[in-house]
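Step one of this worksheet: look at the structure below.
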2 protein chains.
Amino acid sequence: MAKELGISISTVSRALNDHFDISTETKDRVKAHAAKVRYVPNAFAKGFRSHKTNIIGVVIPNIEHRFTATLLRGIISTAEQNGYKVIICESMNSDEKQVEQLKTMIEFGVDGVLLSLTKKTKNIDEILDLTQHVPLILFDRISNKVACTQVIIDDEDAAFQAVEHLINTGKKRIAIIKETDESNVSERRYHGYLKALRQHNIEVDESIIMSSEDLSIEEGQRQTKVLLSLQNRPDAIFTIIDLAAVGAIKELKKNKVKIPSEIAVVGFSNSIFCTIIKPNLSSINQPGNRIGETAVNYLIEEIKSEDHLNFKTIEIKTNLIVRKSSFNPKKASKLQSQ
Amino acid sequence: MAKELGISISTVSRALNDHFDISTETKDRVKAHAAKVRYVPNAFAKGFRSHKTNIIGVVIPNIEHRFTATLLRGIISTAEQNGYKVIICESMNSDEKQVEQLKTMIEFGVDGVLLSLTKKTKNIDEILDLTQHVPLILFDRISNKVACTQVIIDDEDAAFQAVEHLINTGKKRIAIIKETDESNVSERRYHGYLKALRQHNIEVDESIIMSSEDLSIEEGQRQTKVLLSLQNRPDAIFTIIDLAAVGAIKELKKNKVKIPSEIAVVGFSNSIFCTIIKPNLSSINQPGNRIGETAVNYLIEEIKSEDHLNFKTIEIKTNLIVRKSSFNPKKASKLQSQ
DNA sequence: CTGAAAGCGCTTACAG
DNA sequence: CTGAAAGCGCTTACAG
């Protein structure tokens, strides 16, 4: 292009980048020609020189998880708005894959990494090592063992809201279906459950605290069956994921248990099932977009700043969406007039 | 690294790449040192020199669409296995965004592009122009106006299977809920529907061919209401997406129509709803992984080959999963003994 | 206001 | 078997 215009490469470069020191006339001439020959700047060469790729690496455990899509949408759009591209890897919840993928991202020269951890991340050391090479932010599936900024929903508060809502509708014996304590997320939600009970002076009853390795519809159904077999049945069930709540409702309906009057159900995630299953499922709405956006914004800030100090944990607030599985509007007036 | 070892940069490079002309001794020495200092090759510099980025660009219309996750999983894992990274953009079904994103991908120097078109892609010209710059493969949402290799599920055959199944269970008046003819996918499924009717000598009745702009549960419900209001009701409904079938079932249940004996329902996509709604929904299973894999494999082939000729359209076969919304096992024996 | 030159980190033909 | 040098496409201090 330079020689076609009879000027130097430097001038072309400066004209294209609107350098203050170039005459408007030259700029116009260069830009016009660039458009004519459909000149495509080589972002690679640019990045190569500046040691910036403008690529953000994202590693997630499971792309088919519905919530992941919402997170990714937030990440991708926010990154795009800021001139970054996003490279995505799926660790398939494998520890080894996760480490390997992070390594190739570094090799690739990503400017920063967003990581959502596998269910049970053992080799934290390798991840700590990573932070030496590149800005890192954990999101959604985090770990307090890694010193870096972390973005999550406020799980504890969310669970607290859900359980308090049940208490406010008159429930006194609230069961929880959660995962085993290896799941960080599950634990935080469990804490919110405990906090709500404590705050309302409700005794914790171990017999209605159900834990499983891996929740699913079937598992929710199984655990509910156990709860129904108890002498002293619960009057509400809070599940830490919607799928389990769907299972719970299935099992309750099978046993002709009235929902919500006999046993109310609240889930978590406000997934699409909520409005499909009958009765519609009350659930915690998680603003996945906002988590993604926030994580990207903090990451870009870190990329641009020199010092990577004072890491924070940002907790995004959620909101409870009340539906018929936990609250029957017909009886609302009665309740309110009490 | 070179000077620490007292050898030239060239030799280090060759040793690391297992060049045949380097002594085993030197190789070992270099590799040992590389491991010690945790040397990370700069993939960028490599790519810069070889004009290859080993990045594949992917543009999809809607990341929250469930099927997209499956496609992406296939794409990402296959790319990874072949040493490629994947950059993802979401066009949000916007034509302008799509074009812009494709352009920045080119600027970025991706080695190839996988594209799933927006619902109504008008500016095909811009996309055609793209193919001049980089190998392109269309997948899932394709268009015959673009000369390139395309990978889709065999929609026509899938719909044919679904409708033939209904015919085989004794249904004679089969409605379809589809989208307007601007949707390529919808049209292909509609053709399968027509083909099945034709092949079984069933007359096409325009009054039970329902089209809408954008299908959803509500829309499925609305269209079903219309069908139920007909003098001559259909005895089966085939919907080109599951959501619409979910709406149909809701509406049928509301009107106490027996499923499948009075009206059977078959959906498309085998989404997670199928096993949640009662009765469970029969549906076409689309192997998203395989579409993704296949698209990546063809793209890599094109990237590596010099000539980008003989484009093909690859149609991935689907299978129908029969559930209670279209077939009642209790009556199966009767039917078979007829 | 513009140009010549160095340099980003690698690979590879060329020379020895 | 190894080294010196060129070059990938850009940007930017330096010089004029």
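Note that the structure is predicted; figures quoted are calculated from it, not measured. Chain letters run A, B, ... following the sequence lines, proteins first, then strands; residues in each count from 1.
- Contact between the side-chain N/O atoms of B/Ser8 and the OP1/OP2 oxygens of D/dG3 is found at a separation under 4.0 Å.
- With both pairing distances under 3.5 Å, D/dG16 is matched to C/dC1 as a Watson-Crick or G-U wobble pair.
- Residue B/His19 places none of its side-chain N or O atoms closer than 4.0 Å to OP1 or OP2 of D/dT2.
- With no hydrogens or angles considered, a side-chain donor-acceptor pair links B/Ser269 and B/Gln286 at under 3.5 Å.
- To the nearest angstrom, C1' of D/dA13 lies 17 Å from CD1 of A/Ile9.
- If you measure from atom CZ of A/Phe20 to atom P of D/dA13, you get 10 Å, rounded to the nearest angstrom.
- Heavy atoms of B/Ser50 sit nowhere under 4.0 angstrom from any nucleic acid atom.
- In this structure, A/Lys27 places its NZ atom 13 Å from C1' of C/dT2, rounding to the nearest Å.
- Two residues, B/Thr24 and A/Pro41, neighbour DNA chain D, and the one matched to the more 5' nucleotide by heavy-atom proximity is B/Thr24.
- The side chain of B/Thr26 sits closest to D/dC1 out of C/dT12, D/dC1, C/dG3.
- The side chain of A/Ala45 lies closest to D/dC10 when the candidates are C/dG9, C/dT2, D/dC10.
- Between A/Ser10 and C/dG3 there is no side-chain polar atom (N or O) within less than 4.0 angstrom of OP1 or OP2.
- The phosphate of D/dT11 (OP1 or OP2) has a side-chain N or O of A/Asn17 nearer than 4.0 angstrom.
- Distance CZ (B/Phe108) to P (D/dG9): 17 Å, rounded to an integer number of Å.
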For this session: Please test A/Thr318 against A/Asn285 for side-chain hydrogen bond (donor to acceptor under 3.5 Å, both in side chains), starting from the C-alpha separation and ending with a verdict.
Result: CA-CA 6 Å; A/Thr318 59; A/Asn285 182 47; over 6 Å; no

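- Checking D/dG3, C/dC10, D/dG9 against every side-chain atom of B/Lys46, the shortest atom distance belongs to C/dC10.
- Between the side chain of A/Arg49 and the base of C/dG9 there is no donor-acceptor pair of N/O atoms closer than 3.5 Å.
- Atom CZ of B/Arg14 and atom P of D/dG3 are 9 Å apart (whole Å).
- Remark: C1' of D/dT11 and NE2 of A/His51 are 12 Å apart, rounded to the nearest angstrom.
- Distance from the side chain of A/Phe48 is smallest for C/dC8 among the nucleotides C/dC8, D/dA4, D/dG7.
- Looking at B/Glu80 and A/Gln101, their side chains do bring a donor and an acceptor atom within 3.5 Å of each other.
- Between A/Asn42 atom CG and D/dC10 atom C1' there is a gap of 8 Å when expressed in whole angstrom units.
- Put simply, B/Tyr39 has no side-chain N or O that comes within less than 4.0 Å of OP1 or OP2 on C/dG9.
- When all heavy atoms are compared, the tightest approach of B/Ile76 to A/Cys89 is CG2-CA, 4.3 Å.
- OP1 and OP2 of C/dG9 both lie 4.0 Å or more from every side-chain N or O belonging to B/Ser13.
- Atom-to-atom, CZ of B/Arg29 to P of D/dC1 comes out at 14 Å; the value is rounded to the nearest Å.
- Distance NZ/A/Lys27 to OG1/A/Thr11: 12.0 Å, rounded to 0.5 Å.
- Here the CD-OG1 distance, from A/Glu315 to A/Thr294, works out to 12.5 Å after rounding to the nearest 0.5 Å.
- Listed nucleotides: C/dG9, C/dA6, C/dC1. Nearest to the side chain of A/Ser23: C/dC1.
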